[in-house]
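Working notes, beginning with the structure itself.
Treat the numbers as computed from the prediction; the structure is a model and nothing was measured.
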Amino acid sequence: MQILILGAGVTGLCAAYALARDGHAVSIVERNPEAARESSFANGGQLSYSYVAPLAGPGVIPKIPGWLLKSDSPMRFRPRLDPAQWRWGLKFLAACTPAMADLTTRRLLRLSALSRRLVHGLVEEEGLDFAYSRTGKLVVLSDQASFDAARALMGYQATLGCTQEALDAAEVLRLEPALARIAPRLVGGIHTPDEEAGDCRAFCLGLSRILTRRYGVTFHWGTPVRELVAQGGRLRAAMVPAGAMEADAFVLAAGAAAAGLLRPLGVSLPLYPLKGYSLTVPIARDDAAPRISVTDAARKTVYARLGDRMRVAGMADLVGHDTSIWPDRLDLLVREARAAFPDCSDWSRIGPWTGLRPATPTGAPILGACPGLANLMLNVGQGALGFTLAMASGQVVADALAGRPAPIEMDGFQPADHGL
């Protein structure tokens, strides 16, 4: 089968890998000159298979005034004259219940467990080099109530197959001595020894080379898709500057741009971008940078060692499709990082980045055939978990196109589950 994938971020590339291994003739069209130039460029670097709880949760609604008013809030909401933002926001609020958060977490854990197995297989079989580490993850807590809640969640996640341990402040510092500067505010932490980290952009660039050389995948770089053309209940072509690109089947993995591509065809994807920030600094003192991937729960900031660099990421801003770097948000991230790990770098070279993470209101991605367009597979809505869920999402799409049974239960991920 001739398959055209729209988007060469991590989700599109992982779908291409699964489809090419099935023997399909795969092509990828990408508006940028290489892979991973947008949301996959400099994300948090964590492969968080056990930390997939959705943003929509029962504790969110009381925090909304702070998102509107506080300049240093880890989340920022700026209302816009944008019907899509309001529709998404109302659905998000409806999902902020204990029952829905619990159900979505269970569903995402199934998908992330599949991803873990597939990532391990990819690394072993293809020898992909992307600053990959399996050193675990440490979530640090700064108040007793949060620590108690985290321990309760740890017990719940154990019933779903997660291996974790609760540590007091002294044990946290023994495990990760680089956290010494924030020791006065530490109450404890949750350690997950089998979590992983890696450079998503390096993963994507390496995988794109493997796809070209070993699997014959064709890439069309610098080629924006201007519109999609449907006929007779099927997608006929993707229109690009040079004309029509036709295929037997299509996979939409265009991130935050996906909703705009489908809207003219009468399909309203429940997606809205969550704007995130990161910075990347060279490590000057090895002992002053964390070896374990760290999440500072109080500050909503993550830290991942990527070889000789440290990636710092945070923020989730609902501000539309603006990809500019807002100085106050970047300054906040720099302050948090320097306060936590002041000696790990000289902080003279800060690689700033911002990207739009396409999210559904519930936090579950949309995977499967688009209603009314039988040959268009949707692979969108992974939000901040794109790197973590990409391999599993791609496999689900490949299995659906092959007519094979899904590798996991698909309730919550199918287009119909999202109102399509």
Side-chain angles (χ1 to χ4, degrees), residues 44-48 50-51 53 59 63 66 70-75 133-155 157 162-197 276-316 329-350:
Q46 294 184 339
L47 289 158
S48 293
S50 298
Y51 291 88
K63 298 176 182 177
K70 293 177 62 178
S71 62
D72 60 349
S73 170
M75 297 193 65
S133 65
R134 299 171 67 172
T135 53
K137 177 172 176 172
L138 180 61
V139 178
V140 296
L141 291 308
S142 296
D143 66 85
Q144 191 63 47
S146 296
F147 188 37
D148 292 343
R151 283 187 292 186
L153 181 61
M154 184 184 75
Q157 296 217 121
C162 301
T163 301
Q164 299 173 309
E165 58 180 338
L167 308 176
D168 62 25
E171 290 170 328
V172 165
L173 292 173
R174 281 196 293 271
L175 181 66
E176 184 48 82
L179 289 165
R181 284 299 185 99
I182 64 169
R185 67 174 173 88
L186 287 180
V187 171
I190 306 297
H191 178 221
T192 309
D194 56 356
E195 293 288 76
E196 303 167 4
Y277 284 81
S278 80
L279 57 93
T280 308
V281 296
I283 295 173
R285 264 188 53 190
D286 187 71
D287 64 329
R291 293 193 172 277
I292 296 173
S293 179
V294 172
T295 294
D296 187 335
R299 305 297 196 262
K300 300 292 190 293
T301 306
V302 303
Y303 303 89
R305 180 188 284 248
L306 305 176
D308 59 357
R309 299 169 299 143
M310 183 173 73
R311 173 72 45 77
V312 186
M315 319 293 181
R329 301 303 268 165
L330 179 62
D331 290 346
L332 176 60
L333 199 60
V334 172
R335 290 199 306 272
E336 296 291 356
R338 293 192 71 164
F341 303 105
D343 300 320
C344 83
S345 179
D346 64 11
W347 303 96
S348 63
R349 289 177 290 161
I350 296 172

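Counting only heavy atoms from C-beta outward, the side chains of K137 and V302 never approach each other to under 4.5 Å. Residues M154 and C162 form no side-chain contact, since every pair of their non-hydrogen atoms from C-beta on lies 4.5 Å or further apart. By the 4.5 Å heavy-atom criterion applied to side chains, L332 and M315 are counted as neighbours. Put simply, the side chain of Q46 does not reach to within 4.5 Å of the side chain of Y51, judged on heavy atoms. Residues F341 and I283 have side chains not in contact (no heavy-atom distance under 4.5 Å, counting atoms from C-beta outward). Side-chain atoms of S293 and E195, non-hydrogen and from C-beta on, never get closer than 4.5 Å to each other. No side-chain heavy atom of R291 sits less than 4.5 Å from a side-chain heavy atom of T135.
With rounding to the nearest 0.5 Å, the separation of OH in Y277 from CG in D331 is 10.5 Å. In this structure, the separation between CG on L138 and CG on L175 is 5.5 Å, given to the nearest 0.5 Å. The distance from the CZ atom of R285 to the CG atom of D343 is 5.0 Å, given to the nearest 0.5 Å. If you take OG1 on T163 and NE2 on H191, they are separated by 11.0 Å, rounding to the nearest 0.5 Å. How far CG of L306 is from OG1 of T280: 7.0 Å, rounded to the nearest 0.5 Å. Between the CG atom of L330 and the CZ atom of R335 there is a distance of 10.0 Å, given to the nearest 0.5 Å.
When atom types are taken as modelled, the side chain of Q157 and the backbone of S50 share a donor-acceptor pair closer than 3.5 angstrom. A donor-acceptor distance shorter than 3.5 angstrom exists from the side chain of W347 to the backbone of P342, with no hydrogens or angles considered.
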Could you go through R185 and S142, starting from their C-alpha distance and side-chain angles, then the distance that decides it, and tell me whether this counts as side chain to side chain donor-acceptor pair (under 3.5 Å)? CA-CA 5 Å; R185 67 174 173 88; S142 296; 2.6 Å; yes
Under the criterion side chain to side chain contact (heavy atoms under 4.5 Å, CB included), I'd like the reasoning laid out for Y303 against L179: C-alpha separation, chi angles, the key distance, then a yes or no. CA-CA 11 Å; Y303 303 89; L179 289 165; over 6 Å; no
Start with the C-alpha distance between E176 and V172, add both sets of side-chain angles, then the distance that settles side chain to side chain contact (heavy atoms under 4.5 Å, CB included), and finish with yes or no. CA-CA 6 Å; E176 184 48 82; V172 165; 5.6 Å; no
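Taking every heavy atom of both residues into account, P282 and S345 meet most closely at O-OG, 3.0 Å. S146 approaches L141 most closely through the heavy-atom pair CB-CD1, 4.0 Å. The minimum heavy-atom distance between E171 and L167, with the atom names listed, is OE1-CA, 3.3 Å. Considering all non-hydrogen atoms of both residues, P290 and R305 come closest at O-NE, 3.0 Å. Nearest heavy-atom pair, R329 versus S73, reported as atom, atom and distance to 0.1 Å: NH1-O, 2.7 Å. Here the shortest heavy-atom pairing between I182 and A340 reads CG2-CA, 3.7 Å.
Cation-pi contact between R151 and F147: present, with separation from the ring centre below 6.0 Å and deviation from the ring axis of at most 45°.
Within a 6.0 Å radius of CZ in R349, no more than 12 heavy atoms belonging to other residues, nucleotides or ligands are found.
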